[in-house]
Amino acid sequence: AGEVLLAAARHVCAQDAFAPHVLEPPQLLGVEALRPDGLTLRLHVKTKPGEQWALMRALRAEIKRRLEEAGIDLPLPQRTTWLRRDPG
């Protein structure tokens, strides 16, 4: 997953729309957290001030696409609902 994440970030940062605003190459800092529903990987991309928002949206879209392409499932919240009838 980390390799997929970093490859997606490099791809997006190299695009003409974003490359002039990226100050340093993307860095995968590693596992930030482990939880029962998944793990958090930290990716660092340094940009010019105010340019991070559009880049973040593009990164998230590309990361999601590449994770799906690689067969890596994203965890979805699951909820169990119990229905009970009162005997009255």
Side-chain angles (χ1 to χ4, degrees):
E3 291 174 13
V4 171
L5 193 75
L6 192 54
R10 287 177 178 152
H11 173 75
V12 171
C13 289
Q15 293 177 1
D16 291 341
F18 301 112
H21 308 296
V22 175
L23 302 176
E24 295 177 6
Q27 295 178 329
L28 181 63
L29 301 180
V31 176
E32 179 79 10
L34 288 170
R35 295 183 307 273
D37 59 342
L39 65 94
T40 303
L41 295 172
R42 181 166 296 268
L43 177 72
H44 184 257
V45 181
K46 189 172 183 179
T47 67
K48 292 179 182 176
E51 301 297 335
Q52 72 271 24
W53 309 114
L55 179 65
M56 275 195 314
R57 285 189 296 275
L59 277 172
R60 288 179 181 142
E62 183 67 12
I63 288 166
K64 182 180 183 305
R65 187 187 73 74
R66 287 187 181 225
L67 287 172
E68 287 174 352
E69 188 178 89
I72 300 171
D73 293 328
L74 296 174
L76 299 174
Q78 301 203 8
R79 181 178 298 176
T80 302
T81 304
W82 297 86
L83 299 176
R84 179 177 56 178
R85 293 188 183 161
D86 290 332

Fill in: Closest non-hydrogen atom pair, Ala19 against Ala14
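Minimum heavy-atom separation between Ala19 and Ala14: CB-O, 4.0 Å.
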Practice prompt. Would you mind listing every salt bridge (charged side-chain N to carboxylate O under 4.0 Å, His left out) that reaches into residues 6-23, with sequence neighbours excluded?
Written response: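 Qualifying pairs, neighbours excluded: none.
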Practice prompt. To the nearest 0.5 Å, tell me how far Leu5 CG sits from Leu59 CG.
Written response: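 Reported to 0.5 Å precision, the distance equals 8.5 Å.
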Worksheet item: For Arg85, which residues count as a salt bridge (Lys or Arg N to Asp or Glu O under 4.0 Å) partner, sequence neighbours excluded?
Response: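 Once residues adjacent in sequence are excluded, Arg85 has no partner under the salt bridge (Lys or Arg N to Asp or Glu O under 4.0 Å) criterion.
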Set of residues satisfying side chain to side chain donor-acceptor pair (under 3.5 Å) with respect to [X], sequence neighbours excluded:
{"X": "Glu68", "result": "Lys64"}
{"X": "Glu24", "result": "none"}
{"X": "Gln15", "result": "His11"}

Worksheet item: Would you say Leu74 and Leu6 are hydrophobically clustered, going by side-chain heavy atoms of ILVMFWY under 4.5 Å?
Response: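 Same hydrophobic cluster.
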Item to complete: Give a yes or no on whether Ile72 and Leu34 share a hydrophobic cluster (residues Ile, Leu, Val, Met, Phe, Trp, Tyr; joining criterion: side-chain heavy atoms under 4.5 Å apart).
Response: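 Same cluster: Ile72 reaches Leu34 through Ile, Leu, Val, Met, Phe, Trp or Tyr contacts under 4.5 Å.
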Quick one: side chains of residues 39-57, donor-acceptor pairs under 3.5 Å with protein atoms, not counting sequence neighbours, listed by atom name and distance.
residue, atom, partner, partner atom, Å
Thr40, OG1, Arg35, NH1, 3.0
Arg42, NE, Glu32, OE1, 2.8
Arg42, NH2, Glu32, OE2, 3.2
Lys48, NZ, Pro20, O, 3.2
Gln52, OE1, Gly50, N, 3.0

Worksheet item: Salt bridge between Arg66 and Glu69, side-chain N to carboxylate O under 4.0 Å?
Response: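 The answer is no: the pair does not qualify as a salt bridge.
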